[in-house]
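Only one structure is covered here, and it is reproduced in the block below.
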Protein chains: 2
Amino acid sequence: MKTRPYHHGDLRTALLALAEQTLRERGPGALSLRELAREAGVSPAAPSRHFKSKQALLDALGLEGFDRLTAELAAALERSGDTFADRLAALARVYLEFAVANAALHDLMYAYKYDPDASDELIAARRRLGAMTAELIEAGQGRGEVCEGPVDRVALPLTAALQGLAALAVTGAIPSGRIERAADDTVAFVLRGCAPTGGTTAASLP
Amino acid sequence: MKTRPYHHGDLRTALLALAEQTLRERGPGALSLRELAREAGVSPAAPSRHFKSKQALLDALGLEGFDRLTAELAAALERSGDTFADRLAALARVYLEFAVANAALHDLMYAYKYDPDASDELIAARRRLGAMTAELIEAGQGRGEVCEGPVDRVALPLTAALQGLAALAVTGAIPSGRIERAADDTVAFVLRGCAPTGGTTAASLP
DNA sequence: ACCTGAACACCGTTCAAGT
DNA sequence: ACCTGAACACCGTTCAAGT
């Protein structure tokens, strides 16, 4: 007779998977540690062995999100062309897709604002993502397709535009049928913003 | 002898004020209807006469935030110069200031994503804010300082950049000492993005 | 090492009853 | 109309005890 073993097997992973499902299907307000434990067939106190608090579980979930997003972006850049315009378009497309397809998770990833001692790992993951766009811009500067100057002065507005676009899409400010065009418009907008001064735009370079 | 009257006087207003204070001082996670009631010197059931649920109180708070922000922006535009560059800079400055000074409230304003039946008033308030930037852009087009075309195709990227900038500032991605320069950079970035095609930028017009 | 059972101090919401 | 008191069905977290 197949009886439940005393040990779950991999409760930590199971809890994370269940949490992500709940997040996706019923939003962050519906996420309860006790309910997760029930769904995993385990006592209310069991999760505390793997996550010292509910916030710790949320942090772990957010970290997973950053890792997945970073991997998807890296893969997309791998496949993309060499011009700054091509690479920016690829980045924007994948980022927006991720944010829309994982709206609640994407929210969580940037919601460590009120965490008393925000998880260091989470901040590090975010920094890794930031490093990707910095590399993108430096390469663009090397090709003469992006205006010169400290990377941050371009990276910040660029990141703001992309993240803001994702926020608009997720909150429904953009009708879902027009998300792709909004993305194209934003990429064109950002390209003009990044263009070398006093000359042609990056998009019009050979 | 001064004894507490049976009626509070203006419980609704008192609850909203207490809620905003808690939000500001201890973040959204610390917001409890019961605690608010305690602080107002009233029974746990009393708030339900004024807000049919906790979410309804949050919606009312968000609505208040939109009203205040809209008023501040309108006042700033009133005082500002006539060029698109001037008006955009004024808008950006005030918006960013508001977001940073009211971080938790600003968050709340855009957090109706998972509200089952998102408050219509809240959506309307947001639309009013959107109308302000649309007017800004149309005026800029009228002066030949913004590229032609459907307003949305400029308004969306512009809004994305400003909202994204606010998000970066609030989450601490921008060191608080460099927020003002980041704002200036973003305004310059947006100006280039909005500029009439094939010509000088809006910033360089007389 | 991993989990249970029971307890503690909280929640939001509802509803009869009071003023 | 506005509020109280008491109840209901939940929470997150802790801690001795079990396997």
Side-chain angles (χ1 to χ4, degrees), chain A residues 1-23 25-62 108 111-112 114-119, chain B residues 1-23 25-62 108 111-112 114-119:
Chain A
M1 146 183 174
K2 269 199 221 171
T3 151
R4 260 268 174 54
Y6 185 76
H7 289 258
H8 177 280
D10 196 354
L11 184 55
R12 201 192 124 95
T13 307
L15 287 173
L16 283 174
L18 285 168
E20 202 199 329
Q21 193 189 344
T22 305
L23 208 56
E25 292 171 1
R26 292 155 57 219
L31 207 60
S32 141
L33 225 40
R34 282 183 104 105
E35 187 177 319
L36 254 30
R38 255 173 345 245
E39 288 172 354
V42 105
S43 94
S48 75
R49 288 293 132 181
H50 302 276
F51 304 100
K52 76 175 209 291
S53 70
K54 185 182 185 181
Q55 186 58 53
L57 184 145
L58 294 179
D59 286 354
L61 214 49
L108 198 68
Y112 55 82
Y114 305 103
D115 201 347
D117 42 1
S119 151
Chain B
M1 147 180 169
K2 267 199 219 166
T3 152
R4 259 266 175 53
Y6 186 75
H7 289 261
H8 175 281
D10 196 354
L11 184 54
R12 199 191 125 96
T13 307
L15 288 173
L16 283 174
L18 285 168
E20 201 200 329
Q21 194 189 342
T22 305
L23 209 54
E25 292 172 0
R26 290 156 57 218
L31 207 61
S32 139
L33 225 39
R34 282 183 105 106
E35 187 177 318
L36 255 30
R38 246 159 8 228
E39 288 171 354
V42 104
S43 92
S48 75
R49 288 293 130 184
H50 302 277
F51 304 100
K52 74 174 210 295
S53 70
K54 185 182 185 180
Q55 186 59 53
L57 184 145
L58 295 179
D59 286 354
L61 214 49
L108 198 67
Y112 55 79
Y114 305 103
D115 201 348
D117 42 1
S119 151

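Minimum interatomic distance between B:L11 and B:A40 (heavy atoms only, all atoms of both residues): CD1-CB, 3.9 Å. When all heavy atoms of A:E39 and A:T22 are compared, the pair lying nearest together is OE1-OG1, 4.2 Å. Between B:L23 and B:P28, the shortest heavy-atom distance links the atoms CD1-CA, 3.6 Å.
Residues A:L61 and A:F51 are not in side-chain contact: their nearest non-hydrogen atoms beyond the backbone lie 4.5 Å or more apart.
Distance A:R49 CZ to D:dG18 P: 15 Å, rounded to the nearest Å. Distance, B:R12 CZ to D:dA1 C1': 16 Å, rounded to whole Å.
Listed nucleotides: D:dT4, C:dT14, D:dT14. Nearest to the side chain of B:S48: C:dT14.
Shown here are the side-chain contact (heavy atoms from CB on, under 4.5 Å) partners of A:A14, two or more places apart in sequence or in another chain: A:H8. Listed by chain and number, the residues in a side-chain contact (heavy atoms from CB on, under 4.5 Å) with B:S43 are B:A45, B:A46 (sequence neighbours excluded). Partners of B:S53 under the side-chain contact (heavy atoms from CB on, under 4.5 Å) rule, at least two apart in sequence or in another chain, are B:Q55, B:A56.
Residue B:H50 places none of its side-chain N or O atoms closer than 4.0 Å to OP1 or OP2 of D:dA1.
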Report all side-chain donor-acceptor pairs from residues 29-36 of chain A shorter than 3.5 Å, counting only partners two or more places apart or in another chain.
unit_1: A:S32; atom_1: OG; unit_2: A:R34; atom_2: N; d: 3.3
unit_1: A:S32; atom_1: OG; unit_2: A:E35; atom_2: N; d: 3.0
unit_1: A:E35; atom_1: OE2; unit_2: A:R26; atom_2: NH1; d: 2.9
unit_1: A:E35; atom_1: OE2; unit_2: A:R26; atom_2: NH2; d: 3.3

Exercise. Sugar-phosphate means primed atoms, P, OP1 and OP2; the rest is base. With that split, encode nucleotides 6-13 of chain C 5' to 3' as B, S or - using protein heavy atoms under 4.0 Å.
Key: -B---SBB
Exercise. Taking Watson-Crick and G-U wobble pairs with both distances under 3.5 Å, convert DNA chain C into its dot-bracket string, 5' to 3', dots for unpaired and | for cross-strand pairs.
Key: ||.|||||...|||||.||
